[in-house]
Amino acid sequence: MVTSGIIQKLSIRNSVVFFTSQYKGMKSEEVHKNLKIIRRGSIFTVYIHAIAYMLRNRDFDFVIESVSTVPFFSSILFGDRGIIIPHHLMGRLVFGELPFYKAIFAYTAEKLIPPLYKKSQFIAVSKYVSKVLSKKGIPEDHIHIAHPSTSRMFDTLCKRRRYSKFSTPTVLVISRLMRYKRVGLLIKLFSRLPKSIGARLIIIGSGKERKKLEKLASKLGVQNRVNFVGSVSEERKIYFLRRSWVFAFTSRIEGFGIIAIEAQKCGVPVVAFGVGGIPEAVKNGYSGFVINEEDEEDFVDKLAMLLASKKLRERMSHNAIRNSKKFIWTEIPNTVCKIISQKGPAQSTGPR
């Protein structure tokens, strides 16, 4: 969503090359007016392909990196012509997600960001990410805070699609099924809800943890009330958001938590632990509840409170929509354009 917004904004008046990984059913190259899309490699090998491409094509005015732990090392070639958007920094958590040899590479690569990118400009997706970058040695005058928001397509679909709520009290989570997302913890907390509520939990998303999570639900005796849906389309996601009573997630780390904005935009109150940028995305006591990470009992209590009280849900649903309007998709693209205009074009003929 962040990348698509930047592309939409920049490609109106500039030649843009979008380099990303290849995935099934998509062409390796496409051209749309000022935009050229290049797809190479997997989510792991795309870094090799991207670096090789930058070595062959060095006459860009700017390079914008969307970084999740592993950078593309564009700063080595482009210096202060780099704009970096780190969504979060994983640190040692990466060892719980990847095989050791991949984890050690990712961990080391992340450690290299501060010394290698000191000349680059950073766009922090939250105040939390800004503080992390500053502590790691990035100069404060190189950090620009800009919150992300939902895409224009999501906003359009959200306005068009109106669905009645499920008749059964429904808790929804949308997440990659990875260890640091702690969906297993959510299942455990869900199992502690009073049986009188009669709630069910819908889990949307895919990942290597799914089988373990299914076994956990069975072990806790809630397998009949926990539904694993898998990956869904944008329209189907909005269907579940609109119909659910409460959105909940228990991630260990979130740079900002764009999914919390999606939920609020669909009028769904959020219950989440206050990690990372979550307190910036959800207004505690207004559009949902932001829980101290150590207080699992409070998490269960607030979840039960929302499910049991229609009056509270309706008030927070209204507030959630209002809170989500503070975040607009143009904030990051506008920040990128501001940085570019301040620096001006490089002495180049543009991308080949």
Quick one: does Ile253's side chain get under 4.5 Å of Val275's, heavy atoms only? no
First locate atom CD1 of Ile261, then atom OG of Ser287, and finally report the distance between them rounded to the nearest 0.5 Å. 8.0 Å
Any heavy-atom pair between the side chains of Leu98 and Phe105 that's under 4.5 Å? no
Is there side-chain contact between Phe273 and Ile278, with heavy atoms separated by less than 4.5 Å? no
Under the side chain to side chain contact (heavy atoms under 4.5 Å, CB included) test against Glu314, which residue among Lys310, Lys311, His318 passes? Lys310
Taking the six-membered ring for Trp and the full ring for Phe, Tyr or His, determine whether the centres of Phe256 and Phe327 are under 6.0 Å apart. yes
Lys/Arg N to Asp/Glu carboxylate O, Arg192 vs Glu297, below 4.0 Å: no
Output the distance between atom OG (Ser68) and atom CE (Met90), rounded to the nearest 0.5 Å. 9.5 Å
Using the rule that Ile, Leu, Val, Met, Phe, Trp and Tyr join whenever any side-chain heavy atoms are under 4.5 Å apart, tell me whether Ile38 and Phe44 fall into a single cluster. yes
Any Lys/Arg nitrogen of Glu293 or Arg182 sitting under 4.0 Å from an Asp/Glu carboxylate oxygen of the other? yes
Would you call the rings of Tyr107 and Phe95 parallel, tilted or perpendicular, taking 30° and 60° as the class edges? tilted
With salt bridge (charged side-chain N to carboxylate O under 4.0 Å, His left out) as the criterion, how do Lys211 and Glu214 come out once you've worked through the C-alpha distance, each side chain's angles and the decisive distance to 0.1 Å? CA-CA 5 Å; Lys211 289 185 178 180; Glu214 289 174 336; over 6 Å; no
Hey, any chance Ile204 and Val270 share a hydrophobic cluster, counting ILVMFWY side chains that come within less than 4.5 Å of each other, even indirectly? yes
Test salt bridge (charged side-chain N to carboxylate O under 4.0 Å, His left out) applied to Glu30 and Arg39, step by step: CA-CA 9 Å; Glu30 294 181 58; Arg39 300 183 180 93; 2.7 Å; yes
More than 12 non-hydrogen atoms from neighbouring residues, nucleotides or ligands closer than 6.0 Å to CZ on Arg242, yes or no? yes
Which is it for Asp298 and Phe289 under the side-chain contact (heavy atoms from CB on, under 4.5 Å) test, yes or no, and what are the steps along the way? CA-CA 10 Å; Asp298 190 37; Phe289 293 108; over 6 Å; no
Report yes if some heavy atom in the side chain of Val271 is under 4.5 Å from a heavy atom in the side chain of Ile291; otherwise report no. yes
Before giving the answer on side-chain contact (heavy atoms from CB on, under 4.5 Å), spell out for Leu186 and Ile203 the whole-Å C-alpha distance, their side-chain angles and the decisive distance to 0.1 Å. CA-CA 10 Å; Leu186 179 57; Ile203 300 172; 5.9 Å; no
Considering only heavy atoms from C-beta outward, does the side chain of Val46 approach that of Thr20 to under 4.5 Å? no
Whether Phe122 and Tyr117 hold their rings parallel, tilted or perpendicular, with breakpoints at 30° and 60°: perpendicular
Point-to-point distance, once rounded to the nearest 0.5 Å, from NE2 of His88 to OH of Tyr128: 9.0 Å
Of all the heavy-atom pairs spanning Ala199 and Leu307, show the shortest one and how long it is. CB-CD1, 4.0 Å
Partner residues of Lys326 under the side chain to side chain contact (heavy atoms under 4.5 Å, CB included) criterion, sequence neighbours left out: Asn323
Say whether Tyr47 and Leu112 are linked into one hydrophobic cluster, either directly or through other cluster members, by side-chain heavy-atom distances under 4.5 angstrom. yes
Checking Ser11 side chain against Asn34 main chain: does a donor-acceptor pair fall under 3.5 Å? no
Should Phe73 and Met54 be marked as a side-chain contact (heavy atoms from CB on, under 4.5 Å) after you check the CA-CA gap, both sets of side-chain angles, and the distance that decides it? CA-CA 10 Å; Phe73 301 106; Met54 288 188 288; over 6 Å; no
Value rounded to 0.5 Å, distance of CD in Glu262 from SG in Cys158: 9.0 Å
Please say whether more than 12 non-hydrogen atoms of neighbouring residues, nucleotides or ligands are located less than 6.0 Å from CD in Gln342. yes
From Lys165 atom NZ to Ser317 atom OG, the distance as rounded to the nearest 0.5 Å: 5.5 Å
Work out which heavy atom in Pro114 is nearest to a heavy atom in Ile138; give both atom names and the distance. CA-CD1, 3.7 Å
So that I can tick it off, tell me whether Lys188 and Glu296 are bridged by a salt bridge, with the cut-off set at under 4.0 angstrom between side-chain N and carboxylate O. no
Inspect the surroundings of NZ in Lys215 and state if more than 12 heavy atoms from other residues, nucleotides or ligands are less than 6.0 Å away. no
Test item: side-chain donor near acceptor, Ser120 and His142, under 3.5 Å: no
Under 30°, 30 to 60°, or over 60°: which ring-plane class applies to Phe166 and Phe240, parallel, tilted or perpendicular? tilted
Can you tell if the side chain of Val300 reaches within under 4.5 Å of the side chain of Leu193, non-hydrogen atoms only? yes
Drop me the distance from Thr330's OG1 to Gln8's CD, to the nearest 0.5 angstrom. 10.5 Å
Cation over ring, Lys265 on Phe154, under 6.0 Å and within 45°? no
Taking the side chain as everything from C-beta on, heavy atoms only, tell me whether Pro169 gets closer than 4.5 Å to Arg200. no
Check: Ala260 main-chain N/O paired with Gln264 side-chain donor or acceptor under 3.5 Å: yes
Is any NZ, NE, NH1 or NH2 atom of the basic residue among Arg40 and Glu29 found under 4.0 Å from an Asp or Glu carboxylate oxygen of the other? yes
When clusters are formed by joining ILVMFWY residues with side-chain heavy atoms under 4.5 Å apart, either directly or through shared neighbours, do Ile6 and Ile328 land in the same one? no
From CA spacing to verdict: side-chain contact (heavy atoms from CB on, under 4.5 Å), Ile64, Leu10: CA-CA 11 Å; Ile64 302 166; Leu10 289 180; 3.6 Å; yes
Pairing donors with acceptors under 3.5 angstrom, does anything connect the side chains of Asp155 and Thr150? yes
Could you check if a side-chain atom of Arg225 sits within less than 4.5 angstrom of a side-chain atom of Phe190, using non-hydrogen atoms only? yes
If two hydrophobic side chains count as joined below 4.5 Å and joins carry through other members, does Ile83 share a cluster with Ile145? no
